[in-house]
Amino acid sequence: MDKFVIEGRVPLFGTSRVSGAKNASLALIPASLLTSGKTILSNTPRLNDVFTMSKLITRLGAVCNFEGHDLEIDTSGVNNQEAPYELVKKMRASIYVLGPLLARYGYAKVSLPGGCAWGPRPVDLHIRSMIKLGASIEIENGYIIGRAKKLQGATISFDRSTVGATGNLLMAAVLAKGHTIINNASMEPEVTNLIQLLTAMGAKISGIASPILEIEGVDELHPARVETIPDRVEAATLLTAAAITNGKITLNHCSPIHLLSPVAKLQEAGALVSSYGSTVSIDAANIELKSVDVATSPFPGFPTDMQAQWIALMSIAAGVSTITDTIYTDRFSHVPELNRLGSSISIKDNSAIVRGVPKLTGAKVMSTDLRASASLVLGGLAAYGTTEVLRVYHLDRGYEKLEEKLSLLGANITRVAGSEY
Ligand code: EPZ
């Protein structure tokens with residue numbers, strides 16, 4: 001298992017290109033199952049969760065071809081509608097194949113995902129959505145078995161905003177008979193990117209980027225091409241890396257409009273941030289970081305996927321800050337590891353209370369999940385001395401060559417293959 005070795009205290013400087021959004025790709029790839037032929041997803045990030053999702057739909061009979069960052073998916077050979085446990089357990093987003101398979105083939109057998117590093121992460125909203133569209137669902141031996149002669153449009157109201165269930169339901173409703181309304185739909189940019197692809201494939205969807213989506217089912221869809229949006233979480237992570245090292249960087253190929261909440265918080269913490277077209281620049285040189293409270297919420301609020309990285313930044317800010325996760329109440333496995341670097345963080349219910357300390361000092365720290373590992377990298381970049389971030393396979397799931405991007409910005413970070421941990 002690989003680790004990163006980081007010599008901290010180097011201010012980041014320079015320019016970096018943001019990759020395509022992992023959480024868009026993980027919905028766009030299964031959407032190709034809704035038709036037969038070659039769908040092309042440009043600006044697809046080359047990272048492990050995308051490779052896992054590609055492997056899953058290959059198992060279903062599709063053929064995936066990466067040309068640079070263009071992913072071509074040929075679904076003309078799809079002949080299997082069963083997503084096995086050994087693939088689904090690696091990545092919860094595999095549940096995204098449920099909707100397209102039910103809609104196109106009337107049958108799907110998808111392993112239940114099980115838990116993840118920080119909690120149960122149920123899929124009840126996905127299952128209830130399919131039942132509302134007329135599917136019969138049985139749970140047998142850890143598998144979801146769905147059948148539907150023809151899905152029927154319905155009105156579904158989510159009690160809470162859910163990215164995955166909104167995406168799954170969209171992919172089922174586009175081929176259902178009749179009209180579907182999704183109330184309290186997720187407005188995440190990744191869902192909007194999915195709607196762009198579905199519309200390009202011939203789907204009839206209105207209410208884009210609003211909490212009420214309306215879908216008029218069609219008989220069939222055709223292959224299409226879409227550009228994957230830039231990854232707002234990677235962009236915000238890199239901006240935070242510049243802030244925690246008192247650096248000054250520019251990111252290109254990103255979507256400033258998707259970064260308004262993290263940018264507002266970075267400005268509140270004292271950084272100078274500006275944007276122009278598809279670039280965002282941050283100047284945090286010589287600033288004294290101020291403590292800033294955050295409460296995560298669905299887009300356009302502060303993303304839960306930036307909660308861990310924000311805690312790392314606040315660990316060396318002057319004052320005390322409270323970071324509350326309203327989406328995942330137990331997503332704090334990074335906190336004990338950050339405290340090994342010398343931070344002073346305590347947890348109370350679904351909040352982290354962060355008392356800023358004058359400095360962090362390097363140590364061996366263990367990644368537990370994707371964004372936790374990103375926060376440990378940020379801690380290492382700020383710490384005096386050497387930090388070893390172990391089990392970076394977690395990080396490789398959701399960032400494309402992060403250590404290379406950070407090195408190009410001046411960070412002293414190297415990947416050591418095959419660590420003993
Ligand atoms: C997506 O997960 C993202 N993953 C997550 O990013 C992100 O943290 C999350 O949305 C919230 O923004 C992908 O897009 C692949 P949800 P998802 O359904 O769809 C509860 C990362 O780091 N819930 O919006 O699984 C759930 O437990 C990953 O890139 C149910 O109760 O999230 C959570 O508390 C981590 N039942 C809340 O809803 C369900 O059936 C929001 O979850 C589904 C969800």
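Ligands are counted one by one from 1 in listed order, and the atoms in each one are counted from 1 as well. In this text the structure is predicted, and so the values were computed from the model without any measurement.
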Problem set entry | Mode of Arg331 contact toward ligand 1 - side chain, backbone, both, neither (heavy atoms, under 4.0 Å) | side chain
Problem set entry | Considering all heavy atoms, the nearest Ser210-Ala185 contact | O-CB, 4.3 Å
Problem set entry | Any donor-acceptor N or O pair under 3.5 Å, side chains Gln196, Asn193 | yes
Problem set entry | Shortest heavy-atom approach to atom 10 (O) of ligand 1 - which of Val123, Val163, Asp231 | Val163
For this session: Return the minimal non-hydrogen interatomic distance between Ala352 and Ile345, and the atom names on each side.
Result: CB-CG2, 3.9 Å
Problem set entry | Derivation and outcome, salt bridge (Lys or Arg N to Asp or Glu O under 4.0 Å), residues Arg331 and Asp305 | CA-CA 10 Å; Arg331 191 180 189 173; Asp305 293 346; 2.8 Å; yes
Exercise. Does a side-chain heavy-atom distance below 4.5 Å link Phe51 with Arg46?
Worked result: yes
Seminar exercise, completed: ligand 1 atoms nearer than 4.0 angstrom to some heavy atom of His126 are 40 (O)
For this session: Select the closest option to atom 29 (O) of ligand 1 among Met53, Arg371, Met91, judged by heavy-atom distance.
Result: Arg371
For this session: Compute the shortest N/O to N/O distance between Ile327 and ligand 1 and return yes if it is under 3.5 Å, no if not.
Result: yes
For this session: Please determine if Asp396 and Arg415 form a salt bridge, counting it only when a charged side-chain N lies under 4.0 Å from a carboxylate O.
Result: yes
Problem set entry | Selection from Asp305, Asp330, Asp325 by shortest heavy-atom distance to atom 5 (C) of ligand 1 | Asp305
Exercise. Is it the side chain, the backbone, both or neither of Leu370 that has a heavy atom closer than 4.0 Å to ligand 1?
Worked result: side chain
Exercise. Considering distance alone, does some N or O of Tyr96 sit under 3.5 Å from an N or O of ligand 1?
Worked result: no
For this session: Decide side-chain hydrogen bond (donor to acceptor under 3.5 Å, both in side chains) for Tyr107 and Glu82; before the verdict, give the C-alpha distance in whole Å, the side-chain angles of both, and the deciding distance to 0.1 Å.
Result: CA-CA 9 Å; Tyr107 173 71; Glu82 301 198 2; 3.2 Å; yes
Exercise. Can an N or O of Leu125 be found at a distance shorter than 3.5 Å from an N or O of ligand 1?
Worked result: yes
For this session: Please confirm whether Gly398 comes under 4.0 Å of ligand 1, counting heavy atoms of the residue only.
Result: no
Exercise. Heavy-atom contacts under 4.0 Å between Glu190 and ligand 1: side chain, backbone, both, or neither?
Worked result: neither
Exercise. Does even one non-hydrogen atom of Arg92 get within less than 4.0 Å of ligand 1?
Worked result: yes
For this session: Enumerate the atoms of ligand 1 whose separation from the nearest heavy atom of Asn23 is less than 4.0 angstrom.
Result: 3 (C), 4 (N), 6 (O), 13 (C), 14 (O), 15 (C), 21 (C), 29 (O)
Problem set entry | Heavy-atom pair with the smallest gap, counting every atom of Glu268 and Val292 | OE2-CG1, 3.4 Å
Problem set entry | Qualifying side chain to side chain donor-acceptor pair (under 3.5 Å) pairs, either residue in residues 174-188, two or more places apart | Ser157-Asn183, His179-Glu214, His179-Glu216, Ser186-Glu188
Exercise. Which of the numbered atoms in ligand 1 are below 4.0 angstrom from a heavy atom of Lys22?
Worked result: 21 (C), 29 (O)
Problem set entry | Contact (N/O only, under 3.5 Å) between Ala165 and ligand 1 | no
Problem set entry | Ligand-side contact atoms (ligand 1) for residue partner Gly164, heavy atom cut-off under 4.0 Å | 18 (O), 19 (O)
Exercise. Under 4.5 Å between any side-chain heavy atoms of Val377 and Thr237, yes or no?
Worked result: no
Exercise. With respect to Leu28, which candidate in Val50, Leu197, Ile73 satisfies the side chain to side chain contact (heavy atoms under 4.5 Å, CB included) definition?
Worked result: Leu197
For this session: Compare Thr304, Thr296, Thr329 and give the one whose heavy atom is closest to atom 11 (C) of ligand 1.
Result: Thr304
